[in-house]
Amino acid sequence: MPEMLEKRLLFVTGKGGVGKSTVAASLGLAAAARGKRTIVCEIGSQEHTSRLFNRAEVGFHEVQLEENLWTISIDPDESMREYVLLQLKVRAMRDLLFRSRVFTYLTAATPGLKELVTIGKIWELSQLDRKVRKGRKYDLVIVDAPATGHGIGFLQTPRTFANIARVGPIHAQAQELDRFITDHASTGVAIVALPEETPVNETAALERELREEIGVSVDRVYMNALYPERFSNDEAERLEGERPQASGAVREALRAAVSEHRRARSQRAQLERLRRQVSTPVKNLPFIFEPQLGVEDARELAASLD
């Protein structure tokens, strides 16, 4: 992980529901603990990070959560407005454009434009020479990226626009974004999976698509929510043998223990399947036995990320 955290930009993706938002926040905590000025970016006003830290919604603002750690929720409309403000220096022209119904219609109707300006904002945050006035300089930008299918299209957006707009500023800017995303020294991807058949299959397919179709650096796969192995197979068999003679709470406790052991074994089988199917190093993350995760749970995960 130290090499991964030396990059300027890190996308965290995976199938929906695998815990990628929590892993993204945990990576932010790990980087901040190493003294790196880090910002965790969410897309589409999700506000997972602010809830994890028990904060009010942060919106399109760079809000500090603790030492060396900030967060922002990137709204595409706000990103578009900021982009126009940076491109047009004359205030009257900017105001006229924002009031134009044609402009509003075109920006809403152009496929992929919101994704492009969102990636543009992520790129802007990762630059040492920020375009935004008084923008903070960050060592690392971590992006809680869209889930599997949308994530592929999201990362392909700059290349798509560069191919469509053959010349002009949009072409040049889209090319610059694509070069940055596919620069293995600057940008990486971490994939989050669960120890279940479908997430494992999708993770293996996602790794291949990211490497072969987009050309990004996939640096780590995290197998999340792995149950602990509390008993050996022999111990589990003895517990199963004690169940018929037990009664009440003891029987239920034995049933729960055996059930957890079986689930842990099934998860280890899926873990081995994943390791056989991907070429990226796989790191295990423990299941957190809490009904709702908070920042201290994220710190616990951060300690397991190495």
If you define the side chain from C-beta out and look only at heavy atoms, does anything of L293 sit under 4.5 Å from I288?
yes
What are the two closest heavy atoms between E78 and D75, and how far apart are they?
N-OD2, 3.0 Å
Identify which one of R8, K36, E62 satisfies the side chain to side chain donor-acceptor pair (under 3.5 Å) criterion when paired with Y138.
E62
For the atom pair CZ (R299) and CD (E296), what is the distance rounded to the nearest 0.5 Å?
5.0 Å
To which residues is V250 joined in a hydrophobic cluster, defined by side-chain heavy-atom contacts under 4.5 Å among Ile, Leu, Val, Met, Phe, Trp and Tyr, whether direct or through other members?
F231, L239, L254, V258
Can you find a heavy atom in the side chain of F11 that is under 4.5 Å from one in the side chain of D219?
no
Cation-pi, F289 ring and R230 (6.0 angstrom, 45 degrees):
yes
Heavy-atom check, side chain of R255 versus side chain of R243, under 4.5 Å:
yes
Given R130, K137, K131, the one that forms salt bridge (charged side-chain N to carboxylate O under 4.0 Å, His left out) with E124:
R130
Do R211 and T280 pass the side-chain contact (heavy atoms from CB on, under 4.5 Å) test, and can you show the C-alpha distance, the side-chain angles, and the key distance before you say yes or no?
CA-CA 10 Å; R211 289 182 184 276; T280 304; 2.7 Å; yes
Atom NE2 of H150 with >12 non-hydrogen neighbours under 6.0 angstrom:
no
Paired with Y222, the side-chain contact (heavy atoms from CB on, under 4.5 Å) test is passed by just one of V282, L285, V12, namely L285
Would you mind reporting whether I142 and L140 have side-chain heavy atoms less than 4.5 Å apart?
yes
Would you check if I214 and E209 make a side-chain contact, meaning some heavy-atom pair closer than 4.5 Å?
no
Pairs of donor and acceptor atoms involving the side chains of residues 195-202, under 3.5 Å and at least two apart or interchain, shall be tabulated with distances.
residue: N201; atom: OD1; partner: R273; partner atom: NH2; Å: 2.4
residue: N201; atom: ND2; partner: E197; partner atom: O; Å: 3.4

Does this structure show an ion pair linking E176 with R179, if we count only N-O contacts that are shorter than 4.0 Å?
no
Salt bridge (charged side-chain N to carboxylate O under 4.0 Å, His left out) between D139 and R37, worked out:
CA-CA 5 Å; D139 300 309; R37 292 168 59 86; 5.4 Å; no
Taking every heavy atom of T187 against every heavy atom of K7, the minimum-distance pair comes out as O-NZ, 3.5 Å
Evaluation steps, side-chain contact (heavy atoms from CB on, under 4.5 Å), between L274 and Q270:
CA-CA 6 Å; L274 180 64; Q270 295 299 333; over 6 Å; no
Could you check whether any side-chain N or O of Q267 sits under 3.5 Å from a backbone N or O of Y227, counting only pairs where one atom can act as donor and the other as acceptor?
yes
Is the shortest side-chain heavy-atom distance between R262 and E240 below 4.5 Å?
yes
Between OG1 of T160 and CG of L155, what distance do you get to the nearest 0.5 Å?
11.0 Å
Answer yes or no: are there more than 12 heavy-atom neighbours, outside R265 itself, under 6.0 Å from its atom CZ?
no
Does N54, at its CG atom, have more than 12 non-hydrogen atoms belonging to other residues, nucleotides or ligands within less than 6.0 Å?
no
Are side-chain heavy atoms of E207 and I191 found at a separation under 4.5 Å?
yes
Student check: side-chain heavy atoms of L177 and R159 closer than 4.5 Å:
no
Are V23 and V295 connected into the same hydrophobic cluster when the rule is that any two of I, L, V, M, F, W, Y join if their side-chain heavy atoms are below 4.5 Å apart?
yes
